[in-house]
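The structure appears right after this line, and notes come after that.
Lettering of chains follows the sequences in order, A, B, ..., and the numbering in each one begins at 1.
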2 protein chains.
Amino acid sequence: MADVAALAKVSSQTVSRVVNGRTNVDDDTRERVLAAMGEAGYRPNSAARSLKSGQFRSIGVVLYTLSTFGNMRTLDAVTASSTLAGYSVTLLPVALDTEDGVASAVTRLAEQAVDGIVIIMEAQVLDRASITLPTGVPVVIVDSDAGSQFTVVDTDQVDGARQATQHLLDLGHTTVWHVAGPDAAFSARRRAASWRATLEEAGTPVPPPLVGDWSGKSGYQHGLTLAARKDVTAIFAANDQMALGILRALHESGRAVPQSVSVIGFDDMPDADSFYPPLTTVHQDFGEVGRLCMVKLLELIESNRPHPGATLVPAHLVLRSSTASPSRRD
Amino acid sequence: MADVAALAKVSSQTVSRVVNGRTNVDDDTRERVLAAMGEAGYRPNSAARSLKSGQFRSIGVVLYTLSTFGNMRTLDAVTASSTLAGYSVTLLPVALDTEDGVASAVTRLAEQAVDGIVIIMEAQVLDRASITLPTGVPVVIVDSDAGSQFTVVDTDQVDGARQATQHLLDLGHTTVWHVAGPDAAFSARRRAASWRATLEEAGTPVPPPLVGDWSGKSGYQHGLTLAARKDVTAIFAANDQMALGILRALHESGRAVPQSVSVIGFDDMPDADSFYPPLTTVHQDFGEVGRLCMVKLLELIESNRPHPGATLVPAHLVLRSSTASPSRRD
DNA sequence: ATACATCATGTTTACGTAAACATGACCGCG
DNA sequence: CGCGGTCATGTTTACGTAAACATGATGTAT
């Protein structure tokens with residue numbers, strides 16, 4: 001900056017003013033400074049800027065894996081929103097499963113140059129880490145039940161699972177089987193609970209849920225079990241990937257979808273409409289979730305005090321070809 | 001830090017020594033300082049640290065979208081590697097399609113607090129932006145043909161596409177049809193070129209490629225076209241998502257896979273083994289690509305001079321159930 | 001015993017920026 | 001014509017850290 005100032009024959013303060021777009025700079029001077037900046041290949045030093053201002057114009061996103069569709073879409077949306085707001089995004093991956101991983105993540109967290117943090121993490125991991133969350137840094141959480149303690153944004157999982165289950169009941173199925181996500185995942189538990197509640201409300205018997213791990217493979221395995229039972233006519237999979245595996249199992253077992261068995265998923269991942277048959281599923285608006293995360297986080301950063309509570313983004317059913325009324329059996 | 005120093009009754013310099021793990025500190029003093037740090041809730045200020053050291057311990061990842069499987073996996077791997085190396089990752093999204101988007105991305109790029117940059121971007125966008133890439137910042141590029149100018153890491157697309165095509169020829173198919181990715185994508189062009197070259201080498205006729213947009217939907221549409229042609233017995237899709245759409249089109253058209261038509265994909269996305277039937281595909285080792293990106297980038301950061309050239313990560317065929325020898329037609 | 005390492009610790013300084021304050025030029029109004 | 005006000009610009013300072021240098025205490029070899 002000193003070089004630029006010398007080149008333009010002004011003080012460094014004037015250069016600073018030009019860089020920050022202050023109005024009280026003469027047009028001639030401004031142009032001279034801009035030219036000098038180009039000539040000197042000047043790049044503002046964000047470290048010094050942050051040091052002076054106490055702000056980083058950056059938010060951290062903590063996640064334990066990027067490899068699920070939902071996390072990725074949420075991250076994408078958060079990134080887009082934060083960029084619009086002039087914030088950059090720093091990724092803070094957590095090595096799951098190990099106490100070390102969580103501990104080192106928290107350590108790194110405390111040292112990161114961020115104004116706020118978005119946590120996209122299962123509740124169970126959070127429980128271990130939350131105790132030592134750095135104080136004084138605003139936090140917004142996705143996919144968790146920590147709503148009483150923190151600001152939480154999430155899809156309305158309960159209503160989504162209810163819609164899926166009710167849709168199958170409305171079609172005339174006597175009951176709905178459920179292939180659930182892993183018990184450790186809070187969203188999986190919520191979807192399963194809502195499925196159960198919906199069946200109970202309708203006064204229909206509740207078949208035992210089959211617990212998968214979100215993967216297509218686990219869906220396939222449970223799908224084989226379900227396909228072998230003639231009384232199964234409707235399946236609610238806790239996500240689309242498992243639904244894909246279920247479809248494969250049903251096809252291989254000679255059960256036609258939707259004629260013999262109806263299948264419904266959750267997420268509406270990009271290619272759910274290219275499944276065979278195209279999958280009826282619950283659409284999650286990840287973009288909106290990400291956007292709200294940033295809105296909430298910016299509020300927290302500006303107000304500088306906690307504001308716990310959950311914000312739910314509605315989910316809606318997308319009707320495709322994998323669900324139908326049960327065919328008559330006489 | 002001054003507070004901590006006062007609490008521990010030492011100078012701030014000693015606190016700094018403890019924080020940085022220098023050995024020349026008395027054990028008693030060290031413990032006193034650590035206790036004071038805990039008491040004061042001290043968090044090192046990374047901005048000041050960067051200002052002093054001239055390093056940020058951070059790398060930037062430029063991408064134009066997070067919503068393709070490959071980009072996501074690459075980002076995941078880069079993040080994992082950089083975390084191991086003690087670097088954090090800053091996301092720098094580019095709004096595609098608009099000159100503004102590219103320009104503003106470059107501007108932000110120049111201001112970012114990063115020691116190096118990984119660019120995961122189509123070549124065409126890069127062409128427009130590369131001119132103004134900030135000088136003096138090491139850059140590694142994925143998915144691009146800029147190898148002569150920059151350091152490039154990528155999957156060996158050419159060999160992967162060759163393996164896929166050759167596998168189908170080896171099974172006895174007289175030729176292989178290709179559903180390509182968008183022309184704008186360099187990886188799509190490379191796969192298509194390699195498919196064509198393999199067919200020409202084998203002396204088989206080269207059917208006109210059908211150009212999709214990576215989506216399952218576009219695969220479905222081209223799949224319908226191909227399904228209607230009786231002479232089509234083998235299809236090479238440029239990615240798994242399009243292969244999924246092709247499978248759907250074939251099923252709906254009554255063409256059995258693999259008995260009537262063989263289908264092969266590219267990527268080996270997580271649920272390719274749950275397609276119906278499980279998809280034979282070309283496995284890309286995104287983890288290795290991401291790891292190599294970091295290795296190369298750290299080399300560049302340390303040596304401080306450019307080192308252009310491409311590093312290719314081998315791809316390998318994963319045999320599943322969607323390919324078979326053509327059935328005899330008499 | 002003297003001189004000279006070795007080691008823990010303290011003091012000074014600079015990194016690049018922008019707020020706060022200072023300066024001086026020019027304007028309009030009574 | 002002089003006064004306060006506005007405006008462009010310059011000067012000083014502080015942000016939190018760590019390198020460089022300084023100090024003083026202890027150990028050790030001759």
| note | On DNA chain C, more 5' by nearest nucleotide between A/P44 and B/R17 is B/R17
| How would you label the contact of A/S16 with the nucleic acid (heavy atoms, under 4.0 Å): base, sugar-phosphate, or nothing? | base
| said: Would you say B/Q284 and B/D267 are linked by a side-chain donor-acceptor pair, where the criterion is simply a distance under 3.5 Å? | reply: yes
| message | Minimum heavy-atom separation for A/V139 and A/L300, please, with both atom names. | response | O-CD1, 3.6 Å
| Closest to the A/N24 side chain, choosing from D/dT9, C/dG10, C/dT17 | D/dT9
| Of the listed nucleotides C/dG10, D/dT11, D/dA14, the one nearest the side chain of B/S11 | C/dG10
| request: Look at the side chain of A/Q13 and decide which nucleotide, out of D/dA18, D/dT9, C/dA18, has an atom nearest to it. | output: C/dA18
| field | A/T29 side-chain N/O to D/dT9 phosphate OP1/OP2 under 4.0 Å | value | yes
| note | Result for 5'-nearest mapping on DNA chain C, choosing between A/N20 and B/V10, is B/V10
| said: Between B/R49 (side chain only) and B/Q55 (backbone N and O only), is there a donor and an acceptor less than 3.5 Å apart? | reply: no
| query | In whole angstrom, what separates A/R49's CZ from C/dT17's C1'? | reply | 8 Å
| message | How many whole angstroms separate atom CD of B/Q55 from atom P of D/dT17? | response | 18 Å
| query | Given atom CD of B/E31 and atom P of C/dT9, what is their separation to the nearest angstrom? | reply | 12 Å
| Is B/R190 paired with B/D154 through a side-chain N to carboxylate O contact shorter than 4.0 Å? | yes
| Atom-pair distance (NZ on A/K9; P on D/dT9), nearest Å | 15 Å
| said: If I take atom CE in residue A/M1 and atom P in nucleotide C/dA19, what distance separates them, rounded to the nearest angstrom? | reply: 11 Å
| note | Winner on side-chain proximity to A/N45, out of C/dG16, C/dA19, D/dT17, is C/dG16
| field | Spacing of B/L51 atom CG relative to D/dA18 atom C1', expressed in whole Å | value | 11 Å
| Without hydrogens or angle criteria, can the side chains of A/T79 and A/S82 be said to hold a donor-acceptor pair below 3.5 Å? | no
| request: Tell me whether the OP1 or OP2 atom of C/dT17 has a side-chain N or O from A/S50 closer than 4.0 Å. | output: no
| query | What integer distance in Å separates B/R30:CZ from C/dA8:P? | reply | 9 Å
| field | Nucleotide C/dG16, atom P - distance to NZ of A/K52 in whole Å | value | 15 Å
| query | OP1 or OP2 of D/dA19 less than 4.0 angstrom from a side-chain nitrogen or oxygen of B/R22, does that happen here? | reply | yes
